[in-house]
Amino acid sequence: MNPFLAIHPEVKEALEKGRPVVALESTIISHGMPYPQNIETAKAVEEVIRANGAIPATIAIFEGKCYVGLTAEQLAFFGKATDVWKVSLRDMPYVISQKLYGATTVAATMRIASMAGIKIFVTGGIGGVHRDAANTMDISADLTEMAETNVAVISAGVKSILDIGLTLEYLETKGIPVVSFGQDAFPSFYSSTSGFPSPLRIDTPAEIATLLKTKWQLGLNGSVLIANPVPANQQIDAAEIEVHILEALNAAKNENIKGKEVTPFLLKYISEHTHGESLEANIALIKNNAKLGAEIAVAFA
Ligand code: PSU
Ligand code: MN
């Protein structure tokens with residue numbers, strides 16, 4: 001038994017019996033959405049996963065232990081806490097050895113899910129190659145982790161705070177298949193399109209599960225990015241969001257925001273400046289991803 005892991009009994013039993021389990025991240029709760037919508041959404045997402053036949057396992061670090069599957073109290077703690085670490089891969093050894101509290105990003109959540117034996121992970125949007133990365137070299141560790149770890153990621157594509165074209169190039173370089181669900185276009189989080197075609201398209205959860213099995217049976221390590229378009233009636237016009245993104249990027253530059261603070265800063269700025277609209281779309285698309293993730297997990301199991 002891995003001494004750093006604390007697997008919830010329900011999750012442990014499901015894994016032992018080969019039943020479908022879906023991992024969920026916690027940075028989205030602590031740094032990606034405001035309170036109390038963050039806790040409400042985290043709970044609703046777990047319910048959607050259950051309703052579609054899988055067991056949810058939200059992942060976070062408490063006093064240096066990696067919890068896989070949280071209690072309602074633990075989830076509530078992360079929704080309200082203002083001083084938890086945002087933990088990506090490079091932060092893991094520090095936060096764990098110092099016995100601190102940490103909300104895990106896509107990269108750290110994937111790694112802990114993999115340690116626990118979970119293969120399917122649902123989130124809202126992944127980190128990627130930032131705009132102006134040619135100068136800043138700001139490329140999320142989510143992408144390098146996806147090149148290594150055998151956990152599939154279901155997201156609503158890539159948020160256009162990033163350079164979507166460069167992110168797709170990076171995914172190609174790292175050998176990470178990018179599959180859009182049910183459409184030819186690659187989605188951009190708030191919008192079902194991005195101006196980029198999807199490298200691959202698959203129309204059923206069963207075929208996605210087969211693709212995952214095939215990849216890993218071939219010995220091709222790493223993730224598959226499954227891009228699930230936001231429901232049509234919840235989309236936000238890309239041009240409308242772009243105005244706020246440009247403002248957010250400008251504010252980040254003026255305030256000299258760097259490193260791990262960049263993504264949370266941009267997310268918070270956009271959420272605050274679009275009022276309820278972006279948050280509503282955000283909640284809708286995560287639930288939509290949870291449904292697809294559970295269906296893929298069921299097919300995979
Ligand atoms: N993008 C979003 N919503 C998010 C994140 C990214 O649209 O909540 C969070 C995820 O936890 C992701 C992390 O793993 O930000 C990426 O941070 P960075 O760019 O610092 O690697
Ligand atoms: Mn970064």
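Note that ligands are numbered from 1 as they come in the structure, with each ligand's atoms numbered from 1 the same way.
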Backbone N/O of Ser192 and side chain of Gln235: donor-acceptor pair under 3.5 Å: yes
Atoms of ligand 1, numbered as shown, that sit under 4.0 Å from any heavy atom of Thr105: 11 (O), 14 (O)
Residue pair Glu63, Tyr101: steps toward the side chain to side chain donor-acceptor pair (under 3.5 Å) verdict: CA-CA 5 Å; Glu63 293 172 347; Tyr101 293 79; 2.8 Å; yes
Minimum-distance protein heavy atom relative to atom 15 (O) of ligand 1: Thr263 CG2, 3.5 Å
Side chains of Glu207 and Thr210, donor plus acceptor under 3.5 Å: no
For atom 8 (O) of ligand 1, the option (of Leu267, Thr104, Val153) bearing the nearest heavy atom: Leu267
Remaining members of hydrophobic cluster (4.5 Å side-chain criterion), Leu220: Leu218
Shared hydrophobic cluster, Ile112 / Val153 (ILVMFWY, side-chain heavy atoms < 4.5 Å): no
Per atom 13 (C) of ligand 1, closest listed option by heavy atom (Ile28, Ile126, Asp142): Asp142
Nearest protein heavy atom with distance in Å, relative to atom 6 (C) of ligand 1: Gly125 O, 3.5 Å
Main-chain N/O of Lys86 paired to Thr27 side chain as donor or acceptor, under 3.5 Å: no
Polar protein atoms near the Mn ion (ligand 2) [N, O or S; cut-off under 2.8 Å]: Asp138 OD1
From Arg90, Lys86, Lys260, His31 - option closest to atom 17 (O) of ligand 1 by heavy atom: Lys86
Backbone N/O of Phe300 and side chain of Lys213: donor-acceptor pair under 3.5 Å: yes
